[in-house]
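What follows is a short report on a single structure.
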Amino acid sequence: MSLNKSNILNGADSSSIDIAVRALQRDLLVAIPTETVYGLAARASSPSAVKKIFVVKGRPIGHPLILHVAKKQDLSLWSQELSNNARLLAEKYWPGPLTIIVKRNDKVCDEITGGRDTVAIRCPNHPVATELLIRLTDAIVAPSANHFGKVSPTSASHVAEDFGDEISVILDGGECSIGVESTIIDCTTEPPQILRAGAISADQIKRECNITIASATGDSRASGMLDKHYAPNCTVELVDDRKDADVRLNQLNGDGRSSEIIDFGDDLEMFAHELYARLRDADKRLIDVVITVKPPMIGIGIAINERLEKAANSNRSRE
Ligand code: TXA
Ligand code: MG
């Protein structure tokens, strides 16, 4: 795909947001910044626009999308029979990196949910996304703006590298502050279940909202949670500590395989922020193996480990 920077517009300019809104109104796709990763947006009320996302991403039909709304009060516009937990979580964490699964109402088209009677909703915390949603006066659906199964984008240039001019507008809102996708919590079950880890952890929800969370198993996991995903071209190897990483690096270099170490120690926020950019950069430089020191399983470290396991599984399936 050729890199075409002419479709990257500065999201800080009001006129850029107007251009993006007009594109969405004409059922075109627009890439938008959020605090987690960049999204590939279509107008939620247009089934034909929503269908384009599956074509451009190469995403299997029936793999449901997240609906993004401007403000927390919009939760009830697209849902019904809201549980107290769903209301409480939206009140506490929106706008922010939490996607809440609720029972959908008739406004939500089948193309979004793959025919399910539930819908995933989130209210992003990024000024460009919020302004766009307010001016559009509709919700958008937005999967991560990468080809299906590949590494999510955390900057406008990542999106341009993946899609070139297949997307009419890429709104540049700078680097995503968090860097990994939102936590997904299913509030249609009692107790609620986390289907995908993100910046907001089960422990945090328990502590701050006194809601106990069940860990997701089997069919109840998000249907998009394939065991391999987030796959760079390089092989990802996971090690427990820096010492092991150094030993492995020497081995690989001795075998003539270009390799490097990703290690952020205990700086989990920085790790999440940099992870996808580092994997993409390793691919650009044709690195064979990225040895990654696993972060501790606390807070956003759980989300990072989840992504790393899937990236490592993707190489195993290539071998
Ligand atoms: O941070 C994020 O959530 C980003 C930004 C762009 O907002 N979006 C994102 O979307 O990660 P995507 O499409 O890459 O991931 C959506 C996940 C998939 O795993 C999908 O299966 C799950 O959400 N999902 C959506 N609707 C669902 C539903 N009704 N029930 C269960 N899982 C659902
Ligand atoms: Mg994705």
Side-chain angles (χ1 to χ4, degrees), residues 29-42 44 50 53-54 56-69 78-79 86 93-105 108-126 128-130 132-133 139-154 158-159 162 170-171 173 176-189 192-200 216 218-231 272 276 300 303 306-307 310-311:
L29 304 185
V30 169
I32 60 155
T34 81
E35 79 279 31
T36 57
V37 300
Y38 273 70
L40 182 59
V50 174
I53 286 184
F54 293 89
V56 170
K57 264 194 74 117
R59 183 177 175 113
I61 302 282
H63 189 116
L65 299 168
I66 298 175
L67 195 89
H68 293 59
V69 296
W78 303 87
S79 60
Y93 296 110
W94 283 7
L98 184 74
T99 294
I100 305 176
I101 296 183
V102 292
K103 194 121 192 279
R104 69 150 151 160
N105 68 19
V108 182
C109 63
D110 281 340
E111 285 75 8
I112 294 176
T113 67
R116 286 167 188 73
D117 61 358
T118 58
V119 62
I121 308 183
R122 109 171 180 92
C123 177
N125 186 16
H126 192 293
V128 173
T130 305
L132 177 94
L133 283 163
I140 54 175
V141 282
S144 49
N146 51 278
H147 289 292
F148 183 69
K150 294 293 180 185
V151 177
S152 295
T154 55
H158 291 164
V159 181
D162 287 5
I170 300 171
L171 277 180
C176 301
S177 56
I178 294 176
V180 294
E181 301 80 354
S182 60
T183 305
I184 301 181
I185 185 161
D186 186 351
C187 282
T188 65
T189 59
Q193 305 181 52
I194 294 213
L195 306 188
R196 180 176 73 186
I200 296 173
D219 293 345
S220 56
R221 296 169 76 223
S223 51
M225 299 305 289
L226 310 172
D227 285 335
K228 44 182 185 141
H229 217 85
Y230 310 102
Y276 291 152
I300 201 170
E306 191 177 277
R307 302 328 186 255
K310 285 170 201 284

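Please read these numbers as outputs of a predicted model, since none were measured by experiment. When a ligand or atom number is given, it counts from 1 through the structure's own listing order.
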Query raised in the report: Is any side-chain N of the basic residue among Asp162 and Lys57 closer than 4.0 Å to the acidic one's carboxylate O?
Result: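 No, Asp162 and Lys57 are not salt-bridged.
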
* **Arg122/Glu35 ion pair, N-O < 4.0 Å** =>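 The answer is yes: the pair qualifies as a salt bridge.
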
If you round to the nearest 0.5 Å, how far is CD1 of Ile66 from CD1 of Ile140?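 Separation between the atoms: 11.0 Å.
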
Return yes or no for this condition: an N or O of [X] is under 3.5 Å from an N or O of ligand 1.
X      : value
Arg122 : yes
Ser182 : yes
Arg116 : no
Thr34  : no
Lys57  : no

Going by the atom numbers of ligand 1, which of them fall below 4.0 Å from some non-hydrogen atom of [X]?
X      : result
Gly39  : 6 (C)
Ala120 : 25 (C), 26 (N), 27 (C)
Ala142 : 6 (C), 8 (N), 10 (O)

| request: Hey, can you tell me if His63 and Phe148 have their rings parallel, tilted or perpendicular (30° and 60° cut-offs)? | output: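 Ring orientation, 0 to 90° scale: perpendicular.
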
Does at least one non-hydrogen atom of [X] fall below 4.0 angstrom from an atom of ligand 1?
X      : value
Pro124 : no
Ile184 : yes
Arg59  : yes

If you take all heavy atoms of [X] and [Y], which pair is closest and at what distance?
X      : Y      : result
Ile53  : Ala42  : CD1-CB, 3.7 Å
Val151 : Ala231 : CG2-C, 3.8 Å
Val69  : Trp94  : CG2-CZ3, 4.2 Å
Trp78  : Ala139 : CZ2-CB, 3.4 Å

Worksheet item: Does the pair Thr36 and Ser182 meet the rule for a side-chain hydrogen bond (donor to acceptor under 3.5 Å, both in side chains), with working shown?
Response: CA-CA 6 Å; Thr36 57; Ser182 60; 5.6 Å; no

May I ask you to test the Ile32-Pro124 pair for a side-chain heavy-atom distance under 4.5 Å?
->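 A side-chain contact is absent here, since even the closest heavy-atom pair is not under 4.5 Å.
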
### Message
Let's test this: below 2.8 Å, count the protein N/O/S atoms around the Mg ion (ligand 2).
### Response
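Excluding waters, the total comes to 1.
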
query: Just one of Cys123, Pro192, Cys187 clears the side chain to side chain contact (heavy atoms under 4.5 Å, CB included) bar with Ile100, so which one?
result: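 Among Cys123, Pro192, Cys187, the one that satisfies the side chain to side chain contact (heavy atoms under 4.5 Å, CB included) with Ile100 is Cys187.
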
(message) Under the side chain to side chain donor-acceptor pair (under 3.5 Å) test against Ser152, which residue among Arg307, Glu181, His158 passes?
(response)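 When Arg307, Glu181, His158 are each tested with Ser152, the side chain to side chain donor-acceptor pair (under 3.5 Å) holds only for Glu181.
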
Where on Thr118 is there a heavy atom closer than 4.0 Å to ligand 1, on the side chain, on the backbone, on both, or on neither?
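Both backbone and side chain.
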
